[in-house]
*Asks:* 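Here it is: the structure, laid out below.
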Amino acid sequence: MTLRSVISGVGSALPRKQVSNAELAERVDTTDAWIVERTGIRNRHIAGDDESTASLATAAALRAIEHAGVAAADIDLIVLATATPDQTFPSSATKVQAALGIDDCIAFDVHAVCTGFLYALSVADSMLRSGNAKKALVIGAETFSRILDWEDRATCVLFGDGAGALVLSAEETESGILATKLHADGRHNDLLFVDGGPSTTGTVGKLRMKGREVFRHAVVNLSAVLNEVLTAAGLTTAEVDWVVPHQANARILDATARKLGLSPDKVVVTVDQHANTSAASVPLALDTAVKDGRIKRGDVVVLEAMGGGFTWGAAALRY
Ligand code: COA
């Protein structure tokens with residue numbers, strides 16, 4: 001037996017308000033047909049004034065804690081991935097900690113945009129295996145609607161808000177997280193970025209993207225990192241039961257699966273309902289597939305994501 005990080009529970013939360021492509025077409029020059037054909041997106045959730053990254057993260061965390069059957073007080077580590085924190089500081093992780101009534105634990109945010117959840121998972125996994133913590137909340141939560149330029153039809157149709165969370169427990173087992181692989185290449189940070197920040201413009205800024213170039217890099221990087229993580233875990237693609245990818249675009253999911261020779265039936269797709277929720281998309285999709293019974297205990301699951309930076313990464317686990 002080996003000390004590994006096991007997923008004890010999953011949870012997610014979405015803003016109340018939903019916006020369909022048809023509703024978006026009333027405010028920007030686009031059509032349902034264009035969005036569905038280019039992206040597979042049909043719907044997204046948008047946070048209201050009383051909802052925020054930390055409030056969605058807290059709701060998702062509570063569901064993961066309940067699903068795991070543990071007490072909030074048992075959590076000794078919170079790693080929250082977000083590019084849209086409630087405030088520049090304190091971290092949204094400490095806001096979740098306070099909302100959950102946890103007196104003392106390690107709590108911090110991780111920022112790797114859409115790859116944030118994979119980075120957070122890898123960091124939490126390392127801290128659990130090194131004995132720095134025993135039970136972690138790993139959360140991806142975003143409110144990208146706040147940083148979208150609602151006049152830019154090429155980007156505003158692509159994103160949504162939401163949160164997903166996992167309880168990870170350190171256990172002596174042969175299951176759990178088997179391998180993680182992370183990458184970054186900052187030479188491409190002008191292809192997907194926000195044109196503001198506390199140290200430059202002093203404003204929050206808006207998301208800017210060269211979509212076509214991002215697409216090209218995504219398929220290459222994601223298929224490479226999936227191969228890499230499977231090799232590190234001693235697995236073949238044939239042994240994979242489920243791929244839970246970052247939900248950016250249905251065409252990226254299809255192209256990546258094809259490149260790896262994976263059946264599309266094994267790929268969990270929620271981009272149609274949630275759009276791209278950045279760091280929240282992988283745990284939101286994982287929660288969906290666990291709760292609807294597709295992902296079962298013992299299944300081999302691979303997670304992957306790619307985002308601004310560029311950053312990209314993958315994890316292989318036995319659920
Ligand atoms: N509705 C209608 N037309 C739109 C549109 C919209 N929402 N957005 C862009 N267009 C138009 C463009 O203006 C352009 O018109 P033109 O030919 O008259 O100039 C045309 O559609 C093609 O634009 P282009 O950007 O080349 O389209 P594309 O085929 O590359 O698709 C994306 C655009 C964004 C869907 C695609 O590039 C993509 O998915 N990229 C990856 C983005 C991503 O996933 N990013 C997040 C990674 S974490």
Side-chain angles (χ1 to χ4, degrees), residues 19-44 81-84 110-120 140-145 147-162 164 182-186 188-194 206-223 225-226 244-257 259 267 269-272 274-285 303-314:
V19 179
S20 68
N21 292 346
E23 286 168 291
L24 258 189
E26 287 169 15
R27 56 193 287 192
V28 284
D29 182 16
T30 189
T31 60
D32 175 57
W34 191 94
I35 301 172
V36 172
E37 191 201 319
R38 303 288 175 121
T39 71
I41 296 166
R42 294 176 185 276
N43 184 64
R44 73 281 295 141
T82 190
T84 48
V110 161
H111 185 347
V113 208
C114 297
T115 320
F117 187 78
L118 269 302
Y119 269 72
E142 303 275 17
T143 44
F144 259 48
S145 63
I147 55 163
L148 294 176
D149 176 353
W150 290 97
E151 307 286 307
D152 177 12
R153 66 178 182 172
T155 54
C156 76
V157 303
L158 303 175
F159 296 91
D161 301 334
L182 302 175
H183 293 276
D185 184 349
H188 303 296
N189 64 27
D190 59 340
L191 298 181
L192 176 51
F193 64 100
V194 168
K206 299 291 180 204
L207 182 147
R208 307 290 171 206
M209 178 169 71
K210 293 187 182 136
R212 201 159 270 236
E213 294 182 59
V214 175
F215 192 107
R216 196 166 50 79
H217 284 277
V219 178
V220 174
N221 289 342
L222 289 172
S223 43
V225 77
L226 279 170
V244 184
H246 170 48
Q247 308 285 320
N249 181 315
R251 288 189 300 147
I252 295 178
L253 305 190
D254 291 345
T256 308
K259 208 164 189 299
V267 182
V269 179
T270 55
V271 68
D272 54 331
H274 303 156
N276 181 347
T277 57
S278 183
S281 92
V282 169
L284 255 169
L303 317 176
E304 51 91 325
M306 143 115 190
F310 289 138
T311 53
W312 65 104

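As the structure lists them, so they are numbered: ligands from 1, and atoms in each ligand from 1. On a predicted model such as this, the values are computed, not experimentally measured, just so you know.
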*Asks:* How about atom 13 (O) of ligand 1: does it have a protein heavy atom within less than 4.0 Å?
*Replies:* yes
*Asks:* Using a strict 4.0 Å cut-off to heavy atoms of Val157, name the atoms of ligand 1 that fall inside it.
*Replies:* 7 (N)
*Asks:* Less than 4.0 Å between atom 16 (P) of ligand 1 and some protein heavy atom, yes or no?
*Replies:* no
*Asks:* Report, in ascending order of atom number, the atoms of ligand 1 lying under 4.0 Å from any heavy atom of Thr39.
*Replies:* 35 (C)
*Asks:* Would Lys206 and Thr155 satisfy side chain to side chain contact (heavy atoms under 4.5 Å, CB included), going step by step from the backbone distance to the final call?
*Replies:* CA-CA 10 Å; Lys206 299 291 180 204; Thr155 54; over 6 Å; no
*Asks:* Of all heavy-atom pairs between Gly160 and Ala275, which one has the smallest distance, and what is that distance?
*Replies:* N-CB, 4.0 Å
*Asks:* Within a distance of under 4.0 Å, is there any protein heavy atom near atom 19 (O) of ligand 1?
*Replies:* no
*Asks:* If you measure every N or O of Gly211 against every N or O of ligand 1, does any of those distances drop under 3.5 Å?
*Replies:* yes
*Asks:* List every atom of ligand 1 that sits less than 4.0 Å from any heavy atom of Ile252, numbering the atoms from 1 in the order shown and giving each element.
*Replies:* 44 (O)
*Asks:* Report yes if some N/O of Asn276 lies less than 3.5 Å from some N/O of ligand 1; otherwise report no.
*Replies:* no
*Asks:* Taking salt bridge (charged side-chain N to carboxylate O under 4.0 Å, His left out) as the cut-off, I'd like each qualifying pair that reaches into residues 25-36, sequence neighbours left out, listed once.
*Replies:* Asp29-Arg153
*Asks:* Using a 4.0 Å cut-off to any heavy atom of Met306, which atoms of ligand 1 qualify?
*Replies:* 48 (S)
*Asks:* To check your reading of the model: name the closest protein heavy atom to atom 30 (O) of ligand 1, its residue, and the distance in Å.
*Replies:* Arg212 NE, 3.3 Å
*Asks:* Is the closest side-chain donor-acceptor distance between Thr277 and Glu142 under 3.5 Å?
*Replies:* no
*Asks:* If you have a sec, work out which protein heavy atom is nearest atom 38 (C) of ligand 1 and how many Å separate them, to one decimal?
*Replies:* Asn249 ND2, 3.6 Å
*Asks:* Please round to the nearest 0.5 Å and tell me the distance separating atom CZ of Phe310 and atom CG of Leu192.
*Replies:* 6.5 Å
*Asks:* So, Thr82 side chain and Thr84 main chain: donor-acceptor pair closer than 3.5 Å or not?
*Replies:* yes
*Asks:* Look up atom 25 (O) of ligand 1 and tell me if a protein heavy atom lies less than 4.0 Å from it?
*Replies:* no
*Asks:* Applying salt bridge (Lys or Arg N to Asp or Glu O under 4.0 Å) to Arg208 and Asp149, what does each step give before you reach the verdict?
*Replies:* CA-CA 8 Å; Arg208 307 290 171 206; Asp149 176 353; 2.9 Å; yes
*Asks:* Please work out whether any backbone atom (N, CA, C, O) or any side-chain heavy atom from C-beta onward of Val113 is under 4.0 Å from ligand 1, and answer side chain, backbone, both or neither.
*Replies:* neither
*Asks:* Evaluating non-hydrogen atoms only, which member of Ile41, Asp152, Val214 is closest to atom 47 (C) of ligand 1?
*Replies:* Val214
*Asks:* Using side chain to side chain contact (heavy atoms under 4.5 Å, CB included), reason through Lys259 and Leu226 one step at a time and then give a plain yes or no.
*Replies:* CA-CA 11 Å; Lys259 208 164 189 299; Leu226 279 170; over 6 Å; no
*Asks:* Quiz question for you: does at least one protein heavy atom lie closer than 4.0 Å to atom 6 (C) of ligand 1?
*Replies:* yes
*Asks:* Taking Arg38's backbone N and O only, do any of them form a donor-acceptor pair with Arg251's side chain (distance below 3.5 Å, no angle check)?
*Replies:* yes
*Asks:* For ligand 1, which atoms sit closer than 4.0 Å to a heavy atom of Cys114?
*Replies:* 48 (S)
*Asks:* Any side-chain heavy atom of Asn276 sitting closer than 4.5 Å to one from His246?
*Replies:* yes
*Asks:* In the protein, what heavy atom is nearest to atom 33 (C) of ligand 1, and what distance, to one decimal place, separates them?
*Replies:* Trp34 CH2, 3.9 Å
*Asks:* Quick check on contacts: which atoms of ligand 1 are under 4.0 angstrom from a heavy atom of Ala248?
*Replies:* 44 (O)
*Asks:* Which of these, Met209, Arg251, Arg153, Arg38, has its nearest heavy atom closest to atom 23 (O) of ligand 1?
*Replies:* Arg38
*Asks:* Evaluating non-hydrogen atoms only, which member of Leu158, Ile35, Thr115 is closest to atom 34 (C) of ligand 1?
*Replies:* Leu158
*Asks:* Which of the atoms of ligand 1 are close to Thr30, meaning less than 4.0 Å from one of its heavy atoms?
*Replies:* 1 (N), 2 (C), 6 (C), 7 (N)
*Asks:* I would like to know whether Leu284 and Gln247 meet side chain to side chain contact (heavy atoms under 4.5 Å, CB included); could you show each step before the answer?
*Replies:* CA-CA 9 Å; Leu284 255 169; Gln247 308 285 320; over 6 Å; no
*Asks:* With sequence neighbours excluded, what pairs up with Phe159 under the ring-ring contact (aromatic ring centres under 6.0 Å, His included) test?
*Replies:* Phe144
*Asks:* With the side chain counted from C-beta on, respond yes when Leu222 and Ile252 share a heavy-atom pair under 4.5 Å apart, and no when they do not.
*Replies:* yes
